[in-house]
Amino acid sequence: MQARPPGDASPHAGRQKRWRPWVLAGVYLLGAVHWLHWKYAGTTLAPAELNEAQYTLEHSIVTVGFILLAAAMLATIVFGRFFCGWGCHVLAMQDSAAWLLRRVGFTPKPVRLRLAQLLPLFAMGTMFLWPQIERAMDAGHEPAPPLRVTADSEGFGSLVTADFSRNLPGPWMSITTFVVCAGVATWLLGTRSFCTYVCPYGAIFSLADRASPTRVRLKVLNGGHGDASADCSNCGLCTAACPSHIRVHEELMDFGRVVNPACLRDYHCVAACPDAKLDIGAARPAGFLSWRKWGRFGVPYDLSWREELVAASVGVCSLLILRGLYDAVPFFLAMALAVILSYAAVVTMRVGGRRAVSFAGWTMSRDGAMTHAGRVFSVAAVVACAALLQSAAVRAHSWLGMEAFEQAADSPAECARAQWHLEWVEEWSVVHTDAVDRRLALLAIDRGDAAGARPRVERIIARGVSPQEAESWRDSLVANPRSTPGYR
Ligand code: SF4
Ligand code: SF4
């Protein structure tokens, strides 16, 4: 494969490619305008977040997110994944992270994992399918109500709301999520790894893309596109330019068009073709032709099957531990961390072996000897493992404590068990959580331990509760504890 020539080989496609960052910047501008409108008007259009489609599927409440998802899916069926390439704020962050990394001299290298590719499908099933299956399996389930629009006064504003940030996990957790999902994942697993290994919408759009009659194709030459030997010199520059790691030149030779549903129609390959032989236009839908290719990217995977199983075990355990940890870690962040940790676990195993190992641009071991970077990495791996085990213990005690608390009203033994588990959680947690504070406060009030309840009650109030609730918590410290609202 030749080195990529400087600049864009096709000026027209180069212009389209250069437009994309501006369009993506426009997405952020729209978001800023939306936020400002909410700040000054008090109410605004409900969040245009795709995850709000869950409210429509589960509660029949029409949301802006559902309308956007349906529109994006229809557009994908017709035009391919332009929405991903030109309208997704997470993709903008991933591509920006890749650009920044290249500016500091690091080219992200794709890590090709087999089983992790199932994660977006798993996420899609968890978010959109499983609640439907659960409802259908519930013997006494009621039929879904008709689709409806609701207002804030009914508890949820479906199209207009004052609760603009209702899905956001707080500023620090939001920043952490973006840094990990876009920045760290790109650095360690390659460009667009969030799309490949996490994003449930990507899984939906990939399915829709297979039906799309708009594809990257060899231009109509000599009586029709698809005559690869006549149209394409097979130089591979398109493949080298593709941030989705598609073997573009091979797909063009085999099928006359790109059939991989990871194609986001971003024009990088079209702009890179030195003979301007590519464009994006009408072509036969790909269906499942991409399954004929060996591997996700058309080249062998990076892990052996034994390593895949190790990675899958670490990934599943990490996801179970991290999702919702401290009532704070969101699903997508937990998934991204699980994939990163699963690959890091395999690298740790390899560092102890004979092979030369590199990770994120650093050489970890060479000729069977660990390098300085390898030693630092090994220490970091031990620390990460210890942190994960500690978090697992917190999750286990928390679950046992909550279960015991449910039975505490009828049994002093369960009451003591709940207190023991939840106090363990309180002592060993990195941060206090509202759920644990509330239960420990109630248990302390119940046994007349106002001094024990006070710090927990203060934390509950400090997190922000209504004045009435704050008053009743204060009263409960001095009055009949069983009158505390919400107790049992
Ligand atoms: S796959 Fe997901 S994250 Fe990637 S561009 Fe599409 S919607 Fe955005
Ligand atoms: S195949 Fe071309 S248009 Fe599709 S993602 Fe790769 S570079 Fe972009």
Side-chain angles (χ1 to χ4, degrees), residues 4 8-10 13-14 16-17 19-20 23-24 27 48-51 53 65 68-69 71-73 75-76 79-98 110 117 119-121 123-124 127 177-178 180-182 185-186 189-209 212 214-218 236-252 255-273 277-281 283 286 290 293 297-298 331-333 335-336:
R4 189 178 175 186
D8 295 310
S10 164
Q16 285 157 327
K17 190 187 91 174
W19 260 105
R20 207 173 59 90
V23 174
L24 290 170
V27 173
E49 292 163 22
L50 301 181
N51 61 356
L68 182 63
L69 182 62
M73 251 188 83
T76 304
F79 301 112
R81 292 179 67 180
F82 274 100
F83 173 80
C84 278
W86 294 71
C88 174
H89 65 292
V90 183
L91 181 88
M93 287 221 175
Q94 292 179 84
D95 284 4
S96 304
Q117 292 173 79
L119 269 173
L121 282 172
M124 180 182 75
M127 288 173 67
T177 302
F178 278 120
V180 171
C181 293
T186 299
L189 303 176
T191 46
R192 299 184 181 173
S193 47
F194 179 85
C195 302
T196 309
Y197 298 126
V198 177
C199 184
Y201 315 115
I204 296 173
F205 295 142
S206 292
L207 287 174
D209 182 90
S212 167
T214 310
R215 318 205 69 84
V216 173
R217 59 179 192 176
L218 286 166
L237 291 171
C238 47
T239 295
C242 179
S244 294
H245 312 295
I246 296 168
R247 306 286 292 174
V248 183
H249 68 296
E250 288 178 10
E251 298 206 358
L252 293 172
F255 307 112
R257 63 202 189 280
V258 170
V259 297
N260 194 318
C263 173
L264 306 190
R265 314 301 197 267
D266 56 27
Y267 282 94
H268 283 268
C269 55
V270 181
C273 179
K277 294 282 174 76
L278 300 185
D279 67 1
I280 297 182
S290 63
K293 305 296 290 181
F297 300 97
F331 188 31
F332 288 177
L333 175 59
M335 292 220 331

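In listed order, ligands and their atoms are each counted from 1.
Those atoms of ligand 2 with a heavy atom of C263 less than 4.0 angstrom away are 1 (S), 3 (S), 4 (Fe), 5 (S). Listed by atom number, the atoms of ligand 2 under 4.0 Å from V216 heavy atoms are 3 (S). When each atom of ligand 2 is checked for a heavy atom of H268 under 4.0 Å away, the hits are 7 (S). Near V248, with a cut-off below 4.0 Å to any heavy atom, the atoms of ligand 2 are 1 (S). Close contacts between ligand 2 and S244 involve ligand atoms 5 (S) [criterion: under 4.0 Å to a heavy atom]. For ligand 2, the atoms sitting less than 4.0 Å from at least one non-hydrogen atom of L264 are 4 (Fe), 5 (S), numbered in the order shown with element in parentheses. The ligand atoms of ligand 2 that sit less than 4.0 angstrom from a heavy atom of Y267 are 3 (S). For ligand 1, the atoms sitting less than 4.0 Å from at least one non-hydrogen atom of F194 are 3 (S), numbered in the order shown with element in parentheses.
Contact annotation for F83 and ligand 1: no heavy atom of the residue comes within less than 4.0 Å of the ligand.
Atom 2 (Fe) of ligand 2 has C269 SG, 2.2 Å as its closest protein atom, hydrogens excluded (heavy atom only). Annotation: atom 8 (Fe) of ligand 1 to nearest protein heavy atom, C88 SG, 2.3 Å. If you check which protein heavy atom lies closest to atom 1 (S) of ligand 1, you get R81 NH2, 3.2 Å.
Looking only at distances, a side-chain donor or acceptor of S193 sits under 3.5 Å from a matching main-chain atom of A185. Checked by atom type and distance alone, the side chain of H249 never pairs as donor or acceptor with a backbone atom of A240 at under 3.5 Å. A distance-only check finds no donor-acceptor pair linking the side chain of T76 to the backbone of F205 [under 3.5 Å]. Checking side-chain atoms of R192 against main-chain N and O of Q94 turns up no donor-acceptor pair under 3.5 Å. In this structure, W86 contributes its side chain and W19 its backbone to no donor-acceptor pair below 3.5 Å.
F178 contributes atom CZ, which lies 5.0 Å from atom CE of M93 (distance to the nearest 0.5 angstrom). How far CG of L252 is from CD1 of I246: 10.5 Å, rounded to the nearest 0.5 Å. For the atom pair T196 OG1 and L189 CG, the distance stands at 9.0 Å (nearest 0.5 Å). Rounding to the nearest 0.5 Å places CZ of F332 at 10.0 Å from OG1 of T177. Interatomic distance, CG of N260 versus CZ of R215, reported as 9.0 Å (0.5 Å rounding).
For atom 4 (Fe) of ligand 1, the set of nearby N, O or S atoms under 2.8 Å includes one belonging to C195. Here C242 fails the criterion, with no N, O or S atom under 2.8 Å of atom 4 (Fe) of ligand 2.
Nearest-heavy-atom check against atom 5 (S) of ligand 1 across A262, A182, C84 picks out C84.
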